[in-house]
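It should be emphasised that the depicted structure is a prediction, and the values quoted were computed from it without experimental measurement. Below, all heavy atoms of this structure are taken into account, side chains as well, without hydrogens, waters or symmetry copies.
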Amino acid sequence: MFIEDLLVGVQGVTAELGQAAIFLSLLSALWAIFSLCIGLINRRLNFVRSGRNAVIATLILISIATCALIFGFVTDDFSMMYVVEVSSAAQPLLYKITALWGHMSGSLLFWLWLLTVAGGVVVLQNRRSQDSLADYALIPIAIVQLFFIVLVTGWIEGVYNPLARFPDGQIAVDGKGLNPLLQTPSMAFHPPTLYIGWISLTVPFAFAVAALLSGRIGSDWILRSRRWMLFSWIILTIGITLGGHWAYQELGWGGYWAWDPVENASFMPWLLGTAYLHSVMIQEKRSMLKLWNILLITLAFQFTLIGTFITRSGIITSVHAFAQSDMGGYFLGFILLSTLGVIALIVYRWERLRSENRLESLLSRESSFILNNWLLVGLTLIILWGTLWPIISEAIQGEKASVPESFFNQVVIIPGLILLFLTGAGPVISWKKITPNNFKRMFIPPIIVGLIATGIAWIYLAVRGILEIPNQLESSFFARLPEGLTFSGETFPIFSLLCVFASVFVLFAIGSEFYRGAKLRTKRQQTTFLNGLGLLINRNKRRYGGYIVHIGIVIVYIGIMGSKGYFLLESASLKLGESMGVGSYQLTMQDTFQEEHQNYFRAGVEFGVMKDGNQKTTMRPARHFYHKAGQGDQDTIESAIYGIGMNELYIALGPLPAKIDNDTDVNVQVYYNPLIRVVWIGVAIMVLGGLIAIAERSESTKSS
C-alpha cells in the first residue's frame with residue numbers, strides 16, 4: 001500500500017513538473033529569439049551566447065515534459081487524460097511507450113521534442129565556431145519551436161496539454177488502449193522515423209533563412225546544411241518504406257502504396273528534397289540557381305507543415321489521419337506567415353540572388369538537373385492537387401469528390417519514366433556543354449544495350465501472352481482508369497518496355513562509370529579491381545554514393561513494375577477442406593485456430609500450399625480482436641506472407657467471428673506479387689548510397 005501511495009505521489013509530481021516545463025519553455029524560446037536578434041544586430045557576443053543557452057534550455061525543458069509523459073504511460077497513470085486516451089494496463093510496454101505519438105497531443109509534443117533536439121545539435125556543432133551563420137539559423141529554429149510550444153500548452157481549442165489531468169482529481173480504472181493498427185512493430189518505428197526526417201528539413205531551411213538574414217547568399221549555407229539535408233532524405237526514405245511495408249502487412253489489400261493523403265504528405269517533401277539535392281550541385285559548381293534553391297528548401301519545409309495540417313485538421317479522410325480539430329487553421333496561418341517572411345527577405349536581398357553564370361546549352365548536366373527539378377516539383381504539385389481535390393471540389397460543388405488511385409497512377413507514369421532515364425543521363429553528361437565525342441562514348445553503348453534488353457523483354461511478353469492484359473489483371477495497376485479515360489490493352493506492356501529500356505540504360509551507364517574509374521585506380525595503385533573500386537568510392541563518396549542511390553532507384557522501379565503491374569488476385573469463400581488456386585499454386589484450408597494473447601485474441605485458419613503436387617509450406621493468416629482498441633472493440637487483419645525468391649504469396653482473411661469452427665465460411669483473398677521483394681532491396685541500396693554520400697567530408701566542395 002505504501003508503494004502504491006508513493007507511486008501516485010510521484011506520478012502527481014512528475015505530471016506537474018512536465019506541465020511546468022512546457023510553460024517555462026515558452027520563456028526560453030522567446031528569450032532565444034530576442035537575445036539572438038539583439039546580439040547579431042548589435043554584435044554583442046554575450047547576447048548571442050545567451051541565445052544559444054536558451055536553445056539548450058528549451059531542449060532540457062521539453063525533454064523533461066516528454067519523459068514525464070512517458071513515465072505516465074509506463075506507470076499506467078490514468079489520472080492523465082492523454083494516457084487514458086491511448087493506453088491501457090494490458091498494453092505491452094513497447095506500445096505504451098510508442099503511444100507517445102499515438103494521437104494528436106502526444107504526437108505534437110514528440111514533434112516538438114525532436115525539433116528541440118535538432119536545435120540543440122546545431123548549437124553543439126557550432127559552439128566553438130566564430131561563424132555567425134549558425135546563430136542566424138537558430139532564430140527561425142526557435143520561432144518554429146515557439147509555434148509548437150504554444151500548440152502543446154493546451155491554449156488552442158480542440159487540443160489539450162498532453163500532461164493535463166482529469167478535472168476534480170478523477171482517475172479512470174483503465175485506459176481505452178492504443179489504436180490496434182498502431183500496435184505493430186512497423187508502427188513503433190514508422191511515425192518517429194518520418195518525424196525525424198521531416199524535422200531535419202527545418203535545419204537546411206533555417207540556414208537558407210540565415211543566408212537571407214545575414215546577406216551571405218553564396219554556398220556557405222548549403223555546405224553547412226548539406227549533411228542535414230542528406231540525413232533528412234535518408235530518414236524520409238526509410239520512413240516512407242516502413243509505412244509502405246506496414247500497409248502491406250496490416251491492411252490486407254496486398255499492396256504497399258495507394259496514394260492515401262497521408263502517404264502523399266510524406267512523399268511530397270521527399271520529392272522536393274530530392275530536387276534540392278540535385279539543384280544545389282549547380283549552385284556549387286556554376287554559381288547558378290541561388291534563388292531557386294532557397295525557394296526549393298522553403299517549399300520542402302513548408303510541405304512538412306502542410307502534411308501536418310492534412311493529418312490534424314480532419315479535412316481529409318485517411319486511415320492515418322487524426323481526429324478533426326481546429327488546429328489546422330493555426331498550421332495554415334503559420335505556413336502563410338513564414339512563407340511571407342521568406343518572400344520579404346528574398347525581395348530585400350534580390351540583387352545578391354542573381355546568378356553569376358547562365359545556362360550555356362540544353363545538352364549539359366545543368367540542363368538535365370533543371371529538367372529533373374521541374375519534373376519533381378511538377379509531380380509534387382500534381383500530387384498536392386489530387387490530395388486536396390476533396391476540399392477544392394467541396395468549395396466549388398458543395399460536396400467532396402474523392403480522387404481515385406488510378407488518377408495518380410496515370411499522371412505520374414510518364415514523368416516517372418523520364419526521371420528514371422535522367423538518373424542515368426544526368427550523371428554521365430558533361431557540365432556546360434556535351435561534345436560529340438562525349439555523347440558517343442557515354443550514350444551510344446547504353447542506348448544500344450537498352451534497346452537489346454527491350455527487344456528481349458518484348459519477346460518474353462509476347463511468348464507469355466501478356467501483350468494484352470488478361471482477365472485476372474483487371475484490378476491491376478493500370479487497368480483501374482478514371483471514368484472517361486480509355487487505353488488499349490497494350491498500354492501497360494508499352495510502359496513496361498519503356499521501363500526496361502530506361503532501367504537497363506541507367507544500370508549500364510552508371511555501371512560503366514564505376515568500371516572505368518575502378519579500372520583506372522587498379523592500374524595506378526597496382527591492386528585488385530575490388531580494391532580499386534573501394535578506393536574510387538572512398539575518394540569521392542558524395543559522387544559515387546549518389547550513383548549507388550540511382551542504382552537503388554532503378555531497382556525500385558523494376559520492383560514496382562512487377563508487383564503493381566503483374567500481380568495475380570483470386571478471392572473465394574471456403575470451408576474446411578476446400579481449395580482455391582492462384583497462378584500455379586493450390587491452397588487448401590486445412591484447419592482453424594484460436595489463441596489468447598496479452599491484449600488481444602487471435603483467430604485464423606491454416607492453409608497448405610502446394611505447387612505441381614508438392615507441398616511447399618503452411619500459411620496461417622488471422623485476425624486480431626483487441627480487448628482495448630482505442631475507439632472501441634475492433635479487429636485487425638494479420639496477413640500471411642510466403643516468399644518465393646523475389647516474389648511473394650500473400651493471404652488475407654475477410655471479416656471473421658471471434659470464434660470460428662469447421663463450418664465457418666471464410667472469405668479469402670490471395671495475391672501473387674511478383675518482384676515485391678525487389679522494391680525493399682532497391683530501397684536498401686538507396687539508403688546505402690545515401691549513407692556513403694553523407695560520409696563525405698563536410699568541408700569538401702568536390703562536384704558530384
Side-chain angles (χ1 to χ4, degrees), residues 15 18-19 22 62 65-74 76-115 148-166 172 174-184 186-195 198-199 243 246 250 260-262 265-266 307-328 330-331 599 626 628-634 636:
Q19 289 195 63
I22 289 175
I62 296 303
T66 305
C67 290
L69 182 55
I70 292 174
F71 181 78
F73 282 122
V74 173
D76 294 328
D77 185 359
F78 296 126
S79 67
M80 298 172 64
M81 291 191 290
Y82 187 69
V83 174
V84 171
E85 186 175 16
V86 293
S87 186
S88 69
Q91 206 159 283
L93 178 61
L94 173 63
Y95 301 127
K96 286 182 179 179
I97 295 172
T98 59
L100 172 64
W101 51 83
H103 218 269
M104 189 176 302
S105 298
S107 69
L108 289 173
L109 178 60
F110 181 59
W111 183 295
L112 172 60
W113 178 72
L114 291 173
L115 189 58
F148 278 90
I149 291 169
V150 171
L151 293 180
V152 299
T153 56
W155 294 343
I156 303 299
E157 185 177 351
V159 181
Y160 58 82
N161 188 310
L163 289 146
R165 295 183 174 279
F166 285 106
D174 199 354
K176 298 177 181 178
L178 186 65
N179 186 325
L181 289 174
L182 303 180
Q183 295 191 47
T184 66
S186 293
M187 272 297 169
F189 299 101
H190 163 58
T193 306
L194 273 186
Y195 283 12
W198 279 346
I199 288 160
W246 167 80
E250 299 297 328
D260 179 88
V262 179
S266 65
T308 311
F309 164 70
I310 289 172
T311 56
R312 285 163 177 81
S313 63
I315 60 174
I316 293 178
T317 303
S318 165
V319 69
H320 308 75
F322 291 100
Q324 185 170 355
S325 76
D326 297 326
M327 185 176 292
Y330 294 95
F331 271 97
N599 65 324
Y626 284 78
K628 293 285 184 178
Q631 300 171 355
D633 293 338
Q634 53 183 294
T636 61

Between L109 and I62, does a side chain to side chain contact (heavy atoms under 4.5 Å, CB included) hold up when you go through it step by step?
CA-CA 8 Å; L109 178 60; I62 296 303; 4.2 Å; yes

Original post:
Would you find a donor on one side and an acceptor on the other, under 3.5 Å apart, between the side chain of Y95 and the backbone of S87?
Top reply: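 No.
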
Locate the shortest heavy-atom distance separating [X] from [Y]; write the atom from each residue and the value.
X	Y	result
Q91	V86	NE2-O, 3.5 Å
K96	A89	NZ-O, 3.4 Å
S186	P191	O-CD, 4.4 Å
Y82	S107	OH-N, 4.0 Å
G175	S88	O-CB, 3.8 Å

(message) Using the ring-ring contact (aromatic ring centres under 6.0 Å, His included) criterion, which residues pair with F148? Sequence neighbours excluded.
(response)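 ring-ring contact (aromatic ring centres under 6.0 Å, His included) list for F148, sorted by chain: W111, F331.
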
Of all residues at least two apart in sequence or in a different chain, which pass the ring-ring contact (aromatic ring centres under 6.0 Å, His included) check with F110?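 ring-ring contact (aromatic ring centres under 6.0 Å, His included) list for F110, sorted by chain: W101, Y195.
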
Once you round to the nearest 0.5 Å, how far does [atom1] of [X] lie from [atom2] of [Y]?
X	Y	atom1	atom2	result
L194	I199	CG	CD1	10.5 Å
S105	E85	OG	CD	6.5 Å
T98	I70	OG1	CD1	10.0 Å
T636	Y626	OG1	OH	4.5 Å

Go through the structure and list residues passing side-chain contact (heavy atoms from CB on, under 4.5 Å) with A68, not counting sequence neighbours.
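So A68 forms a side-chain contact (heavy atoms from CB on, under 4.5 Å) with T14, L163.
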
Check your understanding: Who are the side-chain contact (heavy atoms from CB on, under 4.5 Å) partners of L182, not counting sequence neighbours?
Key ->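 Result, side-chain contact (heavy atoms from CB on, under 4.5 Å) vs L182: L178, N179, M187.
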
So [Y] and [X], do their side chains get closer than 4.5 Å, heavy atoms only?
X	Y	result
M80	L69	yes
D76	V83	no
W246	L181	yes

Strictly by salt bridge (Lys or Arg N to Asp or Glu O under 4.0 Å), give each pair with a member in residues 97-114 just once, sequence neighbours left out.
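Every pair satisfying salt bridge (Lys or Arg N to Asp or Glu O under 4.0 Å) with a residue in residues 97-114: there are none.
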
- Quick check, are the ring centers of F166 and F78 under 6.0 angstrom apart?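 Ring centroids of F166 and F78 are no less than 6.0 Å from each other.
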
inquiry  = Quick one, W198 with L114, criterion side chain to side chain contact (heavy atoms under 4.5 Å, CB included). Give me CA distance, side-chain angles, the key distance, then yes/no.
reply    = CA-CA 10 Å; W198 279 346; L114 291 173; over 6 Å; no

Requested in this report: Under the side-chain hydrogen bond (donor to acceptor under 3.5 Å, both in side chains) rule, collect the residues that match up with T153, sequence neighbours excluded.
Outcome: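 With sequence neighbours excluded, T153 shows a side-chain hydrogen bond (donor to acceptor under 3.5 Å, both in side chains) to no residue whatsoever.
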
